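Notes to accompany the following structure.
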Amino acid sequence: MIIIKNGYLVDPENNLNGKFDILIENGVIKKIDKNIEPFAGVEVINAENLIITPSFVDLHVHFRDPGQTYKEDIYTGSLAAVAGGYTTVVCMPNTLPAIDDVTIVRYIIEKGEEVGLCRVLPSAAITKGRKGKELTEMALLKDAGAVYFTDDGAPVMDSFIMRKAMEYAGSIGSFVADHCEDLNLSNNGVAHEGEIAAALGLPPLPPEAEDTMVARDCILSIQTGMPVHICHISSKLSVEIVAWAKAMGAKVTAEVTPHHLYLTDEEFLDFSCIAKVSPPLRTHQDIEATRWALASGIIDYVATDHAPHSHNEKMMDLHICPPGMIGLQFALPIVLELVKKDYFDLNRLVEVMSTNPAKKIGIKPPALKEGEIAELTIFDPFESWEVNEETILSKSKNTPLLGKKLVGKVKYTFYNGKMVYKDKQ
Ligand SMILES: [Zn+2]
């Protein structure tokens with residue numbers, strides 16, 4: 001049995017916003033009260049000055065298993081997840097082979113359960129081999145446990161295929177999520193088309209590569225009446241298009257990554273591959289737009305797009321190195337900073353990090369409520385820590401934040417009634 005003393009609890013779904021003690025017995029939240037006295041045999045966690053929320057849910061991670069486990073695997077990915085306060089993650093299907101087959105869907109679920117640190121769920125590809133041509137057997141994949149469909153890493157370029165995919169996924173009670181990028185417009189660009197790319201002579205990637213596909217998907221959603229989800233939205237105009245589509249009654253949802261909320265294309269100033277990500281890091285105006293959209297509900301939740309790559313891959317030439325950066329351990333400090341800067345409050349943090357993504361895939365949102373299995377995150381909102389080889393628990397260390405300090409640190413994570421992470425300090 002565990003008593004968590006004096007933590008500040010935030011869970012808007014359960015009208016909690018204040019200082020309470022929590023008693024956990026056999027993994028279940030037995031009691032939430034102003035003062036629970038410790039008794040013989042009980043373990044006490046002192047949560048004075050710490051915040052306790054439902055644990056986080058990330059619908060967009062790349063754990064690289066099967067096929068590229070030198071970058072990450074389900075064990076190391078799970079370690080990074082729980083250190084970031086996450087207890088549910090959804091793996092992207094751009095593995096080798098792609099998750100387009102029932103056996104691979106089952107493999108991810110079983111491997112995740114074997115590791116047992118958090119809930120590891122698969123998405124599945126929209127098209128076979130993620131080649132954009134032929135739809136997968138979505139109904140079978142959904143029955144096997146795929147929680148949604150995406151060709152992420154690549155867009156579905158063919159609009160007719162995308163329309164069919166939306167209708168098919170929607171008709172079986174699921175949805176498609178699109179990596180919005182018109183590959184003809186992006187034309188092997190590396191950096192956001194703007195002053196920085198021009199000054200450095202980097203191949204420019206125009207924002208309309210994203211914007212036109214976001215617009216297309218929104219229109220298809222309006223016309224078909226079926227849901228579509230926009231992955232890693234990053235440009236100001238894309239945000240405005242989603243706002244328009246929502247006003248039109250479209251079943252459109254959108255996610256934003258921590259890096260698109262925090263970093264700009266200035267990260268390219270040292271010509272490093274570390275700054276290369278898809279979609280590219282953009283400008284201060286784009287960042288402002290995504291922050292306010294996350295506050296207002298135009299953007300529904302945060303997803304990390306945690307994309308590990310090896311050191312060697314990120315040492316390659318900027319034109320050919322693979323895009324992507326890790327993010328599971330940085331989401332909380334970055335979103336917390338937006339709370340401190342008054343973009344939104346802690347209730348909204350819980351919505352965008354936990355409740356909304358859980359509801360999106362139809363799982364029960366973690367809840368601070370008597371009778372519920374303990375799935376919660378305890379963090380210090382003011383602890384400063386350095387991002388380095390030691391503090392990053394992911395197998396890969398590819399992030400522009402390396403060597404920098406972040407404020408806000410996860411101290412404990414509980415999953416399925418058990419403590420699965422405890423900070424060393
Ligand atoms: Zn993507």
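Given the structure is predicted, the values throughout are model-derived calculations rather than measurements. Just so you know, these numbers use all the heavy atoms, side chains as well, and skip hydrogens, waters and symmetry mates. Counting starts at 1 for both ligands and their atoms, in listed order.
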Could you tell me whether [X] and [Y] make a salt bridge, using a distance below 4.0 angstrom between a side-chain N and a carboxylate O?
| X | Y | answer |
| --- | --- | --- |
| Lys359 | Glu13 | yes |
| Lys111 | Asp65 | yes |
| Lys128 | Glu134 | yes |
| Arg282 | Glu210 | yes |
| Lys71 | Glu313 | yes |

Inset, instruction - Apply ring pair (Phe, Tyr, Trp, His ring centres under 6.0 Å) to Phe330 and list each qualifying residue two or more places apart in sequence or on a separate chain. - result: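 Here no residue qualifies.
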
Legend entry - Protein N, O or S atoms lying under 2.8 Å from the Zn ion (ligand 1), listed by chain and number: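 Within the sphere that stays under 2.8 Å of the Zn ion (ligand 1), the protein atoms of type N, O or S are Asp152 OD1, His179 ND1, His232 NE2.
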
